[in-house]
Novice: 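Could you have a look at this structure, given as structure tokens, before my questions?
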Amino acid sequence: MRVLVIGSGGREHAICWKLRQSDAVDELYAAPGNPGMRELADLVPIAVDEVQKLADFATDLKIDLTVVGPELPLVLGIVDEFRARGLAIFGPSRDAAQLEGSKIFAKEFMERQGVPTGRFVIAHDAEGARDAQRKFGLPIVLKADGLAAGKGVFIPQTEEEFEETLAIFFEERRFGSAAERVLVEECLTGEEVSVIGISDGERVLPLATSKDYKRIGENDEGPNTGGMGAHSPAGVLTGQQAGEILDRVMRRTVEGMAEEGHPFVGFLYAGLMMTPDGPRVLEYNVRLGDPEAQPLLMRLEEDLAEVLLEAARRGFERQRLHFRHEVSACLVLAAEGYPAKARMGDPIRGLDQALARPGVEIFHAGTAVKDGAVVTAGGRVLNVCATGADLREALQHAYAAAELIEWPGRQLRRDIGRRVVEGHAKG
Ligand code: AMP
Ligand code: GLY
């Protein structure tokens with residue numbers, strides 16, 4: 001079959017890498033793709049938010065299955081457009097994508113459906129937020145309602161920081177219409193884990209667990225990023241906890257969305273805090289996590305094209321997904337300045353040497369080709385991934401390969417997985 005992957009990051013590179021292993025896939029296209037995918041897919045220069053152009057392309061080329069990587073086209077309604085044209089596409093409709101597109105929709109949905117989550121208040125102005133703060137204390141969490149590229153979450157620790165945050169939302173109006181309403185949440189503590197499943201609208205098949213490291217700095221310090229590393233399994237969940245999350249969060253969500261008339265087809269991602277009182281959902285994403293997708297797909301045994309096609313056709317023909325026992329780890333190499341302003345255009349050295357190491361895969365996230373050389377072209381530049389018999393070994397392989405790759409100002413967190421390996425992780 002002919003498959004089109006939409007997106008240009010490390011997640012989409014990993015999706016293409018996995019789809020290429022499928023006997024069912026004859027032709028693979030990526031829009032817009034990235035230089036790392038050139039040997040796997042034909043690159044199509046259409047941006048992810050050009051929904052009409054993407055649908056025209058899929059119609060012209062008789063694409064049999066489209067797989068959407070990032071949230072933006074989903075929230076814009078790409079799935080509705082493709083379905084209206086009779087094209088098979090894997091992802092949630094515009095209505096179902098509200099689980100990520102509106103944090104307030106997600107919270108109200110969880111409240112209605114009894115999905116465990118923290119307490120919250122919706123604030124329309126600074127006074128409303130101050131009332132909530134008196135109720136929840138400090139630290140406290142404030143979030144823009146709409147999509148804000150991961151930058152719309154604030155966790156002020158002091159009165160002063162709280163007032164600064166209110167000024168950002170209600171005076172500066174930094175997030176415009178994405179923050180006409182602001183979500184104020186109690187601050188939860190515990191170990192964070194990501195649980196992702198694939199849904200056909202009725203059932204959800206869980207992927208293996210994974211853990212993402214969101215802060216730029218070691219020991220989880222500094223600003224939030226899209227993710228600086230990940231591994232699978234998460235290593236911090238018992239089988240019982242994973243089962244509880246599957247029942248109370250994943251299944252409940254898929255059943256609730258179907259009940260409310262917005263059946264959810266796609267990757268369903270729950271970002272969870274394992275609190276002393278049990279799991280609490282912090283957020284939903286309606287897509288695979290990036291970088292969680294990379295280590296997860298390295299362990300997936302199934303033919304990804306077949307699984308996604310079944311889901312897109314609204315009927316799984318299988319009961320579960322299988323994952324290799326090996327552990328996989330992914331390290332993000334980021335550009336100088338990320339996550340604020342990333343420096344770009346630097347030639348990347350050592351890629352081939354790193355790739356030659358056994359068990360290592362390198363997915364491109366923010367690269368470009370200039371004068372025949374691969375250069376940095378984004379905040380998160382490369383994902384260096386490796387497998388091993390256990391997490392310690394997977395990390396050793398990944399770090400050994402990552403050390404071979406250089407450019408000026410390259411950032412790499414040295415403590416990905418460390419607390420899990422040492423058994424100090426909570427939860
Ligand atoms: P979100 O995009 O909603 O997942 O928020 C980004 C990050 O902020 C999460 O990965 C958590 O580290 C943190 N966070 C979000 N909500 C809360 C909360 N209610 N309590 C504590 N930390 C939170
Ligand atoms: N790594 C977190 C995310 O994809 O949202």
Side-chain angles (χ1 to χ4, degrees), residues 5-17 29-50 53 69-73 147-151 174 212-218 222-230 290-291 293-294 330-357 360-386 398-414 416:
V5 174
I6 295 176
S8 63
R11 167 182 51 208
E12 290 78 19
H13 186 174
I15 291 172
C16 286
W17 171 84
Y29 300 87
N34 72 40
M37 304 178 195
R38 282 176 304 186
E39 281 162 26
L40 300 170
D42 288 343
L43 304 190
V44 184
I46 307 177
V48 301
D49 60 352
E50 295 184 292
K53 280 194 190 164
E71 62 278 15
L72 181 61
L147 292 185
K151 300 203 167 75
R174 186 182 296 176
D212 173 28
Y213 293 79
K214 286 214 173 71
R215 303 295 192 95
I216 186 74
E218 280 156 33
N224 260 320
T225 69
M228 290 298 291
D290 185 348
Q294 291 82 318
C330 172
L331 307 173
V332 173
L333 301 185
E336 183 176 36
Y338 178 75
K341 196 166 165 36
R343 163 179 160 159
M344 301 191 203
D346 289 307
I348 299 170
R349 289 192 308 272
L351 255 179
D352 291 341
Q353 292 90 314
L355 251 181
R357 296 190 70 95
V360 168
E361 291 296 337
I362 298 180
F363 300 115
H364 289 223
T367 65
V369 174
K370 200 169 86 186
D371 304 327
V374 180
V375 301
T376 61
R380 293 190 291 174
V381 178
L382 291 171
N383 307 141
V384 181
C385 303
Y399 275 110
E403 294 298 355
L404 299 172
I405 302 176
E406 271 300 334
W407 68 82
R410 182 207 70 168
Q411 299 191 73
L412 165 66
R413 257 182 80 162
R414 312 241 161 222
I416 302 301

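The residues of the chain are indexed from 1 along the displayed sequence.
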Novice: Taking the basic N atoms (NZ, or NE/NH1/NH2) and the acidic carboxylate oxygens, is any pair closer than 4.0 Å for R357 and E403?
Specialist: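 Looking at R357 and E403, the cut-off is not met.
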Novice: Do you know the tightest heavy-atom contact between G7 and E12?
Specialist: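 Smallest heavy-atom distance, with atoms named: CA-CG, 3.5 Å.
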Novice: With rounding to the nearest 0.5 angstrom, report the CZ to OG1 distance, R380 to T367.
Specialist: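 Interatomic distance, R380 CZ to T367 OG1, rounded to 0.5 Å: 13.5 Å.
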Novice: Can you tell me how far the CD1 atom of I6 sits from the OH atom of Y29, to the nearest 0.5 Å?
Specialist: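 Here the interatomic distance stands at 14.0 Å.
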Novice: Compare all side-chain heavy atoms of V360 with those of C385 and state whether any distance is below 4.5 angstrom.
Specialist: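 V360 vs C385: side chains apart.
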Novice: So, does H13 use its side chain to make a donor-acceptor pair with the main chain of G36 at under 3.5 Å?
Specialist: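 Yes, the answer is positive, given that a donor and an acceptor are paired below the 3.5 Å cut-off.
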Novice: How many angstroms lie between atom OG1 of T225 and atom OH of Y213, to the nearest 0.5 angstrom?
Specialist: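 Result: 13.0 Å between the selected atoms.
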Novice: Looking at every non-hydrogen atom in both residues, tell me the closest pair between A334 and M228 and how far apart they are.
Specialist: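 Closest approach of A334 to M228, heavy atoms only: CB-CE, 4.0 Å.
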Novice: Is the backbone N or O of N383 less than 3.5 Å from a side-chain atom of Q294, with the two atoms forming a donor-acceptor pair by type?
Specialist: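 Side chain of Q294 to backbone of N383: no pair is present.
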Novice: State, to 0.1 Å, how close A293 and R11 come at their nearest heavy-atom pair, and which atoms those are.
Specialist: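 Nearest heavy atoms, A293 then R11: CB-CG, 3.8 Å.
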Novice: Is there a side-chain contact between I216 and Y338 in this structure, where contact means two heavy atoms from C-beta onward sitting under 4.5 Å apart?
Specialist: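 Contact flag for I216/Y338 side chains = yes.
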Novice: So, does S8 use its side chain to make a donor-acceptor pair with the main chain of P32 at under 3.5 Å?
Specialist: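 Absent.
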Novice: Closest heavy-atom contact between A401 and V384?
Specialist: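 Looking at all heavy atoms of both residues, the shortest contact is CB-CG1, 3.8 Å.
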Novice: How close do V48 and P70 get, counting heavy atoms only, and between which atoms?
Specialist: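 Heavy atoms of V48 and P70 come nearest at CG1-CG, 4.2 Å.
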Novice: Checking T376 side chain against D346 main chain: does a donor-acceptor pair fall under 3.5 Å?
Specialist: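 Answer holds: yes.
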Novice: Ignoring hydrogens and angles, tell me if any N or O in the side chain of Q411 forms a donor-acceptor pair with the backbone of A335 under 3.5 Å.
Specialist: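 It does hold such a pair.
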Novice: What distance do W17 atom CH2 and L40 atom CG have between them, rounded to the nearest 0.5 Å?
Specialist: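 Going from the CH2 atom of W17 to the CG atom of L40 covers 10.0 Å.
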Novice: Do R413 side-chain atoms and R215 backbone N/O form a donor-acceptor pair below 3.5 Å?
Specialist: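 Yes; at least one donor-acceptor contact below 3.5 Å.
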Novice: Hey, does the side chain of R410 reach the backbone of I405 with a donor-acceptor pair shorter than 3.5 angstrom?
Specialist: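 Checking the backbone N and O of I405 against the side chain of R410, a donor-acceptor pair under 3.5 Å is found.
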Novice: Indicate the atoms forming the closest heavy-atom contact of A368 with P35, along with that distance.
Specialist: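 Where A368 meets P35 most closely, the heavy atoms are CA-CG, 3.7 Å.
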